[in-house]
Structure formats: structure tokens, C-alpha cells
Amino acid sequence: MTKYKYKIEGIDCASCADSLAEKTNKIDGVLHAQADFMHQTLSFECEPKDKERVTDAMRTMIAREEPDVVFRETEKIKEKEEEEEEEEGKYMLQRLIVGAVLFVISLFIQGIPQIVVALASYFILGYDVIWKAIRNMGKGQLFDEHFLMSFATFAAIYLKDWKEAAGVMLFYQIGEYFQDKAVERSRKSIGDLMDIRAEFAMVKENGNYVKKTPEEVKVDDIIRVKPGEKVPVDGIVVSGASSLDTASLTGESKPRDVDVNDEVISGSVNQTGVLEIRVTKEYGESTVAKILNLVENSETHKAPQEKFITKFAKYYTPIVVFSAIVVGIGVGLMYQDFNIGIERACTFLVISCPCALVISIPLSFFAGIGGLSSRGVLVKGADVIDSLAKVEQVIMDKTGTLTSGKFAVEEVLHAKDSQQIIEDAAAAEHFSNHPIAQGIKEAAKTVLDEKEITDVKEIPGRGLQVKWRGEEILAGNYKLMQENQIACEEETTDGTLVYVAKNGVYEGCLVLRDQLKPDSLQAIQELQADGRRCIIVSGDNQTITDVIGKKLGVDQAIGACLPEDKVRTVQDIMKNGMSAFVGDGVNDAPVIHSADVGFAMGGLGSDAAIEAADVVLMDDAPSKISLAITSSKRILRIANENIYGAILIKVMTLILGALGIANMWWAIFADTGVAMICVLNSMRLLFIARKN
């Protein structure tokens with residue numbers, strides 16, 4: 001099965017988009033169809049051989065069900081889409097101006113001229129609403145906003161309230177215009193946050209650079225990235241040095257310096273020098289593609305609030321429509337005047353439209369996930385937001401999660417000359433790429449002449465033996481010293497121990513320890529300040545785990561855990577409340593998958609851990625754990641504000657409308673006005689992206 005995605009531009013609401021997805025699912029050969037109202041896309045899975053037939057069936061179905069929707073492939077030119085949207089916006093604005101002028105004129109004239117001018121204003125403003133209502137009635141869709149608005153204004157005309165019919169349609173269209181602009185602006189804002197994909201790649205072929213799309217680039221191709229250009233795919237620098245802006249990927253404003261042999265990730269922006277990069281991943285597997293895929297497909301995993309609104313809207317509008325009929329009949333009988341009953345019933349109908357809910361709730365999660373993504377926190381769906389907000393315990397791996405995986409020399413034991421023993425050890429480790437060797441070489445702070453290092457011999461499970469400047473140096477564990485009859489005592493200090501001997505004489509012992517990440521302590525303190533327990537579960541021995549736990553002040557530190565032990569330990573801890581596990585390595589993938597919420601370190605983390613995780617931290621910063629949890633609570637709070645606020649206002653206005661206190665103008669506010677308020681409230685979530 002292959003997944004295909006198409007644009008459905010001009011779709012009115014989330015329920016309309018879902019309806020198209022349901023009908024697509026019924027097409028023979030379609031395995032699964034999913035609509036995304038916020039991105040205005042409709043995707044489906046089918047066999048490649050069935051693609052054209054399914055696409056033709058979809059095009060026919062959409063033309064029948066939603067004639068105003070433009071159905072096309074997602075690869076269409078973006079600028080063309082923007083031009084069409086701008087033209088539609090100008091046309092609508094012209095209609096609003098002409099309709100408003102005619103409406104104002106109708107207020108100052110009387111008799112037949114007033115009726116003509118008011119009706120002219122009404123039909124200029126509302127012809128598309130009336131047409132959509134008639135068309136949808138033919139398809140059995142009676143309870144949408146077009147039907148409600150047309151019915152209400154027809155009733156006003158029946159009651160000879162010409163000015164009110166024109167005025168209601170005017171203010172309804174003004175509300176819809178600004179509502180559409182608000183949603184359009186929100187889409188653009190989130191789109192700008194996610195504008196991390198390079199438009200092209202300059203690929204080296206036969207000594208020349210050829211412009212290609214990122215999808216055409218292959219592994220081991222050499223690409224060139226000039227200053228100001230985005231890195232199109234992941235790779236390793238083979239020539240040049242530069243600074244990269246990774247803010248769009250990690251939320252980190254500090255540029256990252258890269259040189260030959262350094263890894264670079266797609267989506268980052270080259271700032272200074274020209275880079276030649278050897279491609280290590282095709283576009284579909286690169287960082288930028290995975291980020292965009294996570295954000296774009298977040299709609300496929302709906303939160304309980306979104307599912308509630310979908311069900312609510314399905315039953316709510318028909319109930320209110322029948323309630324309006326009851327109100328109209330009841331008031332008509334009460335006052336012995338059915339014109340009053342019709343007026344109140346129409347007010348009731350306009351108020352009932354659930355636009356505020358069906359638009360703003362998905363937008364809340366969409367904006368929140370987009371805002372978090374711009375801070376380097378990728379959340380795989382709205383359902384994860386709901387789980388994140390309930391997390392009571394955060395369980396963390398140690399190495400690569402709270403520590404950097406980089407070792408540093410912290411102590412030198414029993415040495416007469418500390419600098420000399422470090423240099424001797426650095427000479428022994430010179431040709432090694434092991435993290436311990438890197439830590440020793442950084443501590444030496446000297447540039448060694450490789451020609452002076454000879455007879456390099458690696459002793460498995462023991463260490464290294466070399467000759468440096470004619471002197472024999474041994475560097476390794478205690479067993480290496482014993483086997484070479486080097487007189488020394490075994491050290492008991494916690495940490496990684498490297499014993500060093502020169503010409504058969506013991507020089508001393510280097511103590512190296514894995515270094516905490518700069519924000520690890522801040523991460524623990526923030527989580528604990530919010531009342532969450534912090535627990536370390538590590539494969540390192542208990543002594544080392546306890547040392548790190550004490551430094552960070554965690555609630556519990558559990559060491560000496562094999563991968564299967566980690567799963568069992570985390571499952572036991574989960575019995576005490578909703579738990580998140582944060583890890584980075586291949587061995588963490590099973591635990592990440594089994595936790596209530598799984599976090600993976602996206603920078604250093606393995607692909608297996610990232611695939612298994614619900615949340616990916618792109619810059620490996622533990623402090624982003626607290627950001628993800630607190631932001632999730634904020635997203636849910638704003639979504640609930642929209643739900644309860646909109647329902648409360650509508651119920652109150654419905655009651656006032658039934659009592660004759662709220663008129664048609666109030667009804668317009670309860671429909672489009674509340675929808676705009678909810679949309680603007682949802683847009684506050686984008687400010688997650690603008691926090692420092």
C-alpha cells in the first residue's frame with residue numbers, strides 16, 4: 001500500500017473535510033482515508049496500480065459533494081495558490097463594500113426604493129450562501145450554517161424586515177471574512193514556523209553542480225550549500241567550515257560551528273562559509289522530512305477534546321434545529337402571533353451553528369504542536385498532548401540523556417606530575433576514537449607529532465601499549481598493570497579509571513567521568529517544582545548512578561539495569577502514576593515504547609528510539625521535557641476554554657433568544673463573533689515559539 005496526499009482547497013469546516021474522508025473510504029481499493037482541515041489535505045492509501053482510478057473517483061465525488069473545493073496534487077506551485085487566495089479575498093472585500101454601502105443607503109430611504117436597495121444588498125452579499133444551502137439540501141445536508149443563515153434571512157424577508165435580512169447577511173459575511181482571515185493567518189504563521197524545507201539541492205556531477213529537488217538527491221552524492229541556503233538533506237561535511245543556524249529545528253538561537261567530518265542536519269541554514277557535504281540519508285529519511293511528516297500528520301491522532309467536538313456537532317445542531325421549531329410553535333401559540341414565533345425560531349437557528357467549536361478545537365492542537373515544533377519539541381499527535389499533561393513521574397536514562405556521553409579527566413591519583421601523566425596517556429590514546437580517549441586528549445591540550453608515536457598495540461579488554469619519543473607507555477585498566485608486573489594498588493574511586501605506566505614504572509591513575517549536560521540540573525528542578533517525581537534508571541553500576549543522582553537531586557536512582565531490567569523496572573514505577581520515560585539509545589527503544597509517554601533525544605538519539613517515541617527533543621536538551629509537559633497543559637487549557645466558553649455563550653444566547661431578549665444581531669455574534677474569539681484564543685499557543 002502507498003499513501004497519496006491531495007489538496008482540498010476551499011473546504012468550509014472540519015466536519016465537511018471528515019465527510020469527504022468518509023466517502024473516500026467507501027471507494028473500492030482505498031484502505032484508509034484521512035482528512036486534515038487545518039492543512040486542507042485529503043490523503044488515502046491504496047495500491048499504486050489503483051491510484052489513477054481512485055483519484056478519478058475522488059475528483060468526481062468531490063465535484064458532486066463540494067463543488068467549490070479545488071482538488072489537486074500537493075506538488076502544485078505555492079505562489080499560484082497564494083495568488084488565487086489573494087484574488088478571492090479581493091473579490092469578497094469588494095462584495096462586502098458594495099453590500100455595506102447599499103445597506104446603509106436603505107436605512108435612509110422609505111417605501112419601494114428601500115425594499116429594492118435592501119434586497120439588492122442582501123443578494124449581492126448572500127447569493128453564494130443561498131446557493132450552497134440549496135445545493136446541500138439536495139444532498140440531504142440540512143443542518144449546516146448556510147441552511148441556517150438562509151432560512152433565518154428568508155424568514156426576515158417573509159416578515160418584511162428587509163433591512164434586517166440585508167443587515168444580518170452583511171454582518172454574517174463580515175464575520176465569516178475575518179474568521180477566514182484569522183484561520184488563514186494561523187495557517188500561514190504555523191507554515192512559516194515549519195518553513196524548514198530547502199527548495200533545491202546543488203549536486204556535484206562530473207565536476208559541475210546541477211540543481212535538483214531534495215527528493216532526487218542520493219546517498220553519497222556531494223552537494224554544495226552556500227551561505228544563506230538551507231541544507232537540503234542530512235550529511236557529513238567533506239570540505240569547508242561554517243556556522244549553521246539550527247533555530248528552526250532545535251529552538252536553539254546559538255549558531256553551531258561545523259568543520260570537515262562533522263554531521264549536518266537538513267533544515268539548518270548555512271550562515272558563513274561554503275560547504276561541500278556528502279549525503280548520508282535520502283530526503284525521505286532525513287531530519288527535515290521526518291519533522292514535517294510528524295507535524296503534518298499530527299491531525300491523524302486526535303485528542304479526546306477533538307473527538308468530543310466531532311460527536312457533539314453531529315448531534316448538537318439537529319437537536320437545536322428541532323428545538324427552534326418547538327420554540328417557534330410555542331411562542332406563536334403563546335402570543336397568538338406566529339410571526340413572533342418565526343422570528344425567535346430564526347434567531348435560535350443562527351445561534352446554534354457550531355462553527356466556533358469545529359474550527360477552534362483542532363486549531364488549538366495544531367497551533368500548539370506547531371509552536372512546540374519550532375522550539376525543537378516534536379509531538380506525534382494531539383492524543384500525546386492529552387497524555388503529556390497528565391504525567392506525574394519522569395523516568396530518565398542517564399548516559400546520553402542527562403549526561404553528554406563525553407568524558408573528562410576530573411582527578412589524577414598518585415601522580416608526581418599531573419600534566420605529564422595526562423600527556424603520556426594522550427600519546428597512548430592518540431589513534432583511538434573511544435569517548436574515554438577523546439576525554440584524555442582534550443585534557444592534554446597539546447598537539448602531538450604522530451611520527452613520534454610508534455609500535456601501537458591495542459590489547460583487547462585491557463588497554464593500549466605504544467612507544468612515544470622512544471619510551472614505552474601503557475594505558476588501560478588495572479588488569480593491564482597486573483599482567484605487565486607494574487606495581488600499583490587498585491583504586492576504588494567511582495568513575496572510569498585509566499592506569500598509566502612509563503618504562504615499566506607506575507605513573508598514576510586518571511579518573512574520568514561522564515559530564516552532565518548544562519541544563520540537566522535545571523530540568524530536574526523544574527520538573528520537581530511542578531510536583532513531579534524524577535527517577536534515573538541506568539545500565540551503569542549503582543555507584544556511578546548514585547553519584548549522578550545525588551548531583552541532580554533526583555527522587556530515586558536505579559543502576560545496573562540491563563535492557564530487559566529497564567522495561568520491568570519502568571513498568572513497576574508506572575503503577576504509581578502516569579509516567580514518561582526519556583532515553584536516547586537503541587537499548588532504550590523498548591522502554592520508550594512501553595511507557596505512558598516516551599521521549600527520545602533526537603540529536604544524539606538512535607533512529608530506533610526516535611521511531612518508538614511519542615515526543616522527540618531535537619536538541620537533546622533535558623530542560624525541554626518540562627517545556628513539553630507545561631505546554632501540553634496550556635494547550636488543553638485553551639482548548640477547554642474554547643469548548644466551555646463557546647458552549648456557555650451559545651446556551652445563554654439560546655435562552656435569551658427563546659425569551660425574545662436576544663435578537664438576530666446577538667445571534668450573529670454568538671455564531672461568527674464567538675468563532676473569531678476562539679480562533680484568536682487558539683493563536684496564543686503560537687507564542688510557545690517566541691519564548692526565550
Side-chain angles (χ1 to χ4, degrees), residues 10 12 68 85-137 144-184 324 328 337-353 355-356 653 656-657 660-677 679:
D12 288 328
D68 297 327
E85 288 178 1
E86 187 177 346
E87 287 299 318
E88 289 175 6
K90 285 180 180 178
Y91 176 64
M92 188 64 212
L93 187 59
Q94 291 169 356
R95 283 176 58 197
L96 287 174
I97 292 171
V98 173
V101 169
L102 291 174
F103 170 69
V104 171
I105 292 172
S106 72
L107 299 177
F108 298 98
I109 55 179
Q110 299 293 327
I112 298 299
Q114 181 192 60
I115 298 173
V116 173
V117 172
L119 287 177
S121 171
Y122 172 76
F123 284 110
I124 287 172
L125 292 165
Y127 72 86
D128 55 337
V129 176
I130 298 168
W131 165 240
K132 288 177 182 177
I134 295 171
R135 186 191 67 209
N136 290 344
M137 285 173 64
D144 65 1
E145 61 180 330
H146 305 109
F147 167 79
L148 299 176
M149 191 56 56
S150 299
F151 189 88
T153 50
F154 283 165
I157 292 172
Y158 168 76
L159 298 173
K160 299 182 180 179
D161 291 330
W162 323 106
K163 293 182 293 184
E164 181 164 321
V168 166
M169 191 62 78
L170 170 64
F171 286 100
Y172 167 76
Q173 289 285 43
I174 290 174
E176 287 292 297
Y177 177 78
F178 283 108
Q179 177 182 299
D180 290 344
K181 286 294 178 185
V183 174
E184 181 184 321
D337 186 346
F338 280 97
N339 285 344
I340 298 175
I342 292 172
E343 185 175 354
R344 292 194 190 176
C346 291
T347 302
F348 210 83
L349 286 175
V350 175
I351 296 168
S352 72
C353 188
C355 290
T653 314
L656 294 174
I661 299 172
N663 57 20
M664 195 67 76
W665 307 107
W666 284 45
I668 292 295
F669 168 76
D671 178 21
T672 56
V674 172
M676 286 179 62
I677 291 171
V679 168

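All values below come from the heavy atoms of this structure, side chains included, with hydrogens, waters and symmetry mates left out.
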Where at least one partner belongs to [range], residue pairs that pass salt bridge (Lys or Arg N to Asp or Glu O under 4.0 Å), sequence neighbours excluded:
range: residues 99-127; answer: none
range: residues 98-107; answer: none
range: residues 101-113; answer: none

Could you go through residues 93-107 and list every donor-acceptor pair under 3.5 Å that involves a side-chain atom there, pairing it with any protein atom two or more places apart or in another chain?
unit_1: Arg95; atom_1: NE; unit_2: Ile124; atom_2: O; d: 3.1
unit_1: Arg95; atom_1: NH1; unit_2: Asp128; atom_2: OD2; d: 3.3
unit_1: Arg95; atom_1: NH2; unit_2: Ile124; atom_2: O; d: 3.2
unit_1: Arg95; atom_1: NH2; unit_2: Leu125; atom_2: O; d: 2.6
unit_1: Arg95; atom_1: NH2; unit_2: Asp128; atom_2: OD1; d: 2.9
unit_1: Ser106; atom_1: OG; unit_2: Phe103; atom_2: O; d: 2.5

How long is the gap from [atom1] on [X] to [atom2] on [Y], to the nearest 0.5 Å?
X: Phe154; Y: Ile342; atom1: CZ; atom2: CD1; answer: 14.5 Å
X: Lys163; Y: Ser121; atom1: NZ; atom2: OG; answer: 12.5 Å
X: Ile661; Y: Arg344; atom1: CD1; atom2: CZ; answer: 8.5 Å

**Asked** Looking at residues at least two apart in the chain, or sitting in another chain, which of them share a side-chain hydrogen bond (donor to acceptor under 3.5 Å, both in side chains) with Asp337?
**Response**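 With sequence neighbours excluded, Asp337 shows a side-chain hydrogen bond (donor to acceptor under 3.5 Å, both in side chains) to no residue whatsoever.
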**Prompt:** If you look only at pairs with a residue in residues 107-120, which of them pass as a side-chain hydrogen bond (donor to acceptor under 3.5 Å, both in side chains), with sequence neighbours excluded?
**Reply:**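 Of all non-adjacent pairs touching residues 107-120, none passes side-chain hydrogen bond (donor to acceptor under 3.5 Å, both in side chains).
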**Message:** Could you walk me through whether Thr153 and Ile130 satisfy the side-chain contact (heavy atoms from CB on, under 4.5 Å) test, starting with their C-alpha distance in whole Å, then the side-chain angles of each, then the deciding distance to 0.1 Å, before giving a yes or no?
**Reply:** CA-CA 10 Å; Thr153 50; Ile130 298 168; 5.8 Å; no
